[in-house]
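To keep things clear, I will list the structure first and then write my remarks on it.
Within every chain, numbering begins at 1; the chains are lettered A, B, ... in the order of the sequence lines, protein sequences first and strands thereafter.
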Amino acid sequence: MTLDPTLLDDLQWRGLIAHSTDLDALREAFTSGSVRFYVGFDPTAPSLHMGNLLQILTARRLQQAGHTPYALVGGATGMIGDPRDSGERSLNSLDTVKDWVERVRRQIEPFLEFEGPNAATMVNNYDWTASLSVIDFLRDIGKHFPVNRMLARETVKRRLESGISYTEFSYVLLQSMDFLNLYRDHGVTLQFGGSDQWGNITGGVELIRRSDGGTAHAFATPLVTKADGTKYGKTEGGALWLDPQMMSPYAFYQFWLNVEDEKVGELLRAFTFFSRAEIEELEATHAEKPFLRAGQKALAEHVTTLVHGAEETERIKAASAALFGGGDLSGLSPDTLGAALREAGATTVDGSDGLPSVVDLLVETGLAKSKGEARRTIGEGGAYLNNNRVEDPEASPSAADLIGGSWLVLRRGKKNFAGVEVR
RNA sequence: GGCAGGUUGCCCGAGCGGCCAAUGGGAGCGGACUGUAAAUCCGUCGGCUUUGCCUUCGAAGGUUCGAAUCCUUCACCUGCCA
């Protein structure tokens, strides 16, 4: 495996380094041999999300540049939970955590190469933590953590008012211990992660120095935010999950396609493997003709392919083209339409004793959360049946509305489609 | 430990016996404009078998024809004094 000497410059150009330890030292490490590095993922949910994806892709970049990944799943740290601003976490059971560990592991694996000279390794911090005695932990690890310094950490400081348990307060020791273990047993000398993990990451660097007198490197990727600075998916839609069960690939693709103009360049750099020249070209096109949304299209296609595969992405693109194409849905063949609607989300309904009302269908398809909301949507002029606005809150579709004899296209607002297959 | 104040819908925050499902702002949702963008403007924003009914104003009781609003107890939070 040959090393790519431009790696660090590329990472910086892509905006992936928000914080770091000595960059010159890191540069030297990157050019003098295959660096063993690690990045950790805590199983706090059944699926990873957009923020984790950035770490996975960054790990892949490093591996492609000749370095050796250790992907860590936090079977132990997931039992504890790292402190976050929104308050104390509720603990998950061992069974839940174990299940999530497996899911997370399977989500990471396709992105890394587990064969070859710089093959990736999967590790689980539960393996070296579960049997650790409290006495050993307190003597060997705890002794290196001055409480006054721990209290000064931003995440902890913000929690002192609202309260923080000893459990979460101790989290940094566990993550630091991970780095120390990987350093000792596998020669891992670099950790990176999201900028919200920076305190935990430097904790490990420091522990390696205090405990073993060793030198380790670290950097943190920036927090990905919307143009106005708020977090993605912080409110309504929830997180951007990688698991197709938790977020349909269609919805995933639509998310990237709808990214704000201001963010396109940044996201192309961080989330795609397009070359610098390719991205600069896309940015130029985008700056000149933003209405073409060439950047969004390239971004959505690329990232969806990475996560859900080329085949699925093609289906989604076809579905999007069909649904957003023009207006006359009856011109589409039932096959095309059915396929498109299945991508966007389809519900099957029994039509043997008449069709349900539009209100019921809006609720059934999940386009509206309640009948009240469905009625309101119609009142606001936001409900469409086969691309025709529904005016009457009591309206029901008739047999004549069925496209190809079995499909209804329901829409809420400009871009929320749902199919209804009548049987 | 003493004194004072607070706990309201997704969030912030009014209300202080009936006109309160509860002012206002933010988020969200819809419409207009556009490019399935941003900004802006407008509307909407607990549920239902929807001229009405049901469940909400920290928790539990109570007073009253009637309470988010008054009383009692409990829980938590915030100031001031020790």
Side-chain angles (χ1 to χ4, degrees), chain A residues 84-88 158-165 224-240 248-268 282-283 285-301 303-304 313 316-327 329 340-341 343-345 356-360 362-385 387-396 409-418:
Chain A
R84 57 178 174 182
D85 292 350
S86 48
E88 191 77 13
R158 281 196 296 270
R159 282 284 297 278
L160 286 180
E161 278 289 307
S162 59
I164 179 170
S165 68
V224 184
T225 58
K226 293 201 276 195
D228 62 9
T230 56
K231 276 187 187 176
Y232 275 111
K234 189 63 190 169
T235 43
E236 186 55 29
L240 200 75
S248 78
Y250 171 84
F252 184 85
Y253 175 88
Q254 286 289 326
F255 166 83
W256 296 98
L257 191 66
N258 278 298
V259 149
E260 305 110 298
D261 285 353
E262 298 94 304
K263 302 300 287 188
V264 168
E266 183 187 325
L267 294 174
L268 278 169
L282 279 168
E283 286 183 304
T285 310
H286 183 68
E288 203 181 322
K289 298 177 178 173
F291 54 89
L292 291 180
R293 295 184 306 124
Q296 278 96 334
K297 287 177 183 165
L299 178 67
E301 177 172 351
V303 180
T304 309
T313 304
I316 294 165
K317 279 173 64 186
S320 299
L323 294 177
F324 288 97
L329 294 164
L341 289 171
E343 292 299 329
S357 68
V358 173
V359 165
D360 287 334
L362 283 168
V363 175
E364 196 94 4
T365 53
L367 288 178
K369 283 198 283 289
S370 67
K371 291 186 182 184
E373 188 176 284
R375 286 199 187 86
R376 203 182 303 134
T377 301
I378 295 174
E380 291 166 340
Y384 303 81
L385 176 68
N387 276 356
N388 298 311
R389 180 172 286 173
V390 177
E391 310 280 357
D392 177 10
E394 307 302 323
S396 288
V409 180
L410 225 57
R411 171 154 66 92
R412 175 176 180 181
K414 217 181 275 188
K415 48 196 172 190
N416 303 303
F417 287 93

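- If you measure from atom CD of Glu260(A) to atom P of A39(B), you get 8 Å, rounded to the nearest angstrom.
- Residues forming a side-chain contact (heavy atoms from CB on, under 4.5 Å) with Thr365(A) (at least two apart in sequence, or on another chain): Thr347(A), Leu367(A), Leu410(A), Ala418(A), Val420(A).
- Both Arg389(A) and Phe291(A) lie near RNA chain B, and the one whose nearest nucleotide falls closer to the 5' end is Arg389(A).
- When the side-chain nitrogen and oxygen atoms of Tyr250(A) are compared with OP1 and OP2 of U36(B), none of them lie within a distance under 4.0 Å.
- For Arg376(A) and C48(B), the shortest distance from a side-chain N or O to OP1 or OP2 is not below 4.0 Å.
- The base of U36(B) sits with one of its N or O atoms less than 3.5 Å from a complementary donor or acceptor on the side chain of Gln254(A).
- Within the 4.0 Å cut-off from OP1 or OP2 of U36(B), not a single side-chain nitrogen or oxygen of Ser320(A) is found.
- Between Glu391(A) atom CD and G30(B) atom C1' the separation is 14 Å, expressed in whole Å.
- Qualifying side-chain contact (heavy atoms from CB on, under 4.5 Å) partners for Ala340(A), counting only residues two or more places apart in sequence or in other chains: Ala319(A), Ala322(A), Leu323(A).
- Put simply, Ser370(A) has a side-chain N or O that comes within less than 4.0 Å of OP1 or OP2 on G47(B).
- Not one side-chain nitrogen or oxygen of Arg411(A) sits closer than 4.0 Å to the OP1 or OP2 atom of G30(B).
- Residues that satisfy the ring-ring contact (aromatic ring centres under 6.0 Å, His included) test with Tyr250(A), not counting sequence neighbours, are absent from this structure.
- Consecutive Watson-Crick or G-U pairs involving RNA chain B, each under 3.5 Å on both distances, make up stems of three or more pairs at B:1-7 with B:75-81, B:10-12 with B:24-26, B:28-32 with B:40-44, B:46-48 with B:52-54, B:58-62 with B:70-74.
- A salt bridge between Glu266(A) and Lys263(A) is present, with a side-chain N of the basic residue lying under 4.0 Å from a carboxylate O of the acidic one.
- Every pair passing side chain to side chain donor-acceptor pair (under 3.5 Å) that includes a residue from residues 289-301 of chain A is listed here, sequence neighbours excluded: Asp261(A)-Gln296(A), Glu301(A)-Lys317(A).
- Under the side chain to side chain donor-acceptor pair (under 3.5 Å) criterion, Glu364(A) pairs with no residue at all, not counting sequence neighbours.
- Atom P of nucleotide G30(B) and atom CG of Leu362(A) are separated by 12 Å, given to the nearest angstrom.
- Across all strands, Glu373(A) comes closer than 4.0 Å to no nucleic acid atom at all (heavy-atom distances).
- With rounding to whole Å, Lys371(A) atom NZ is found 8 Å from U49(B) atom C1'.
- Using a 4.5 Å heavy-atom threshold, the side chains of Leu267(A) and Val224(A) count as touching.
- Distances shown here put every side-chain N or O of Asn416(A) at or beyond 4.0 Å from the OP1 or OP2 atom of U36(B).
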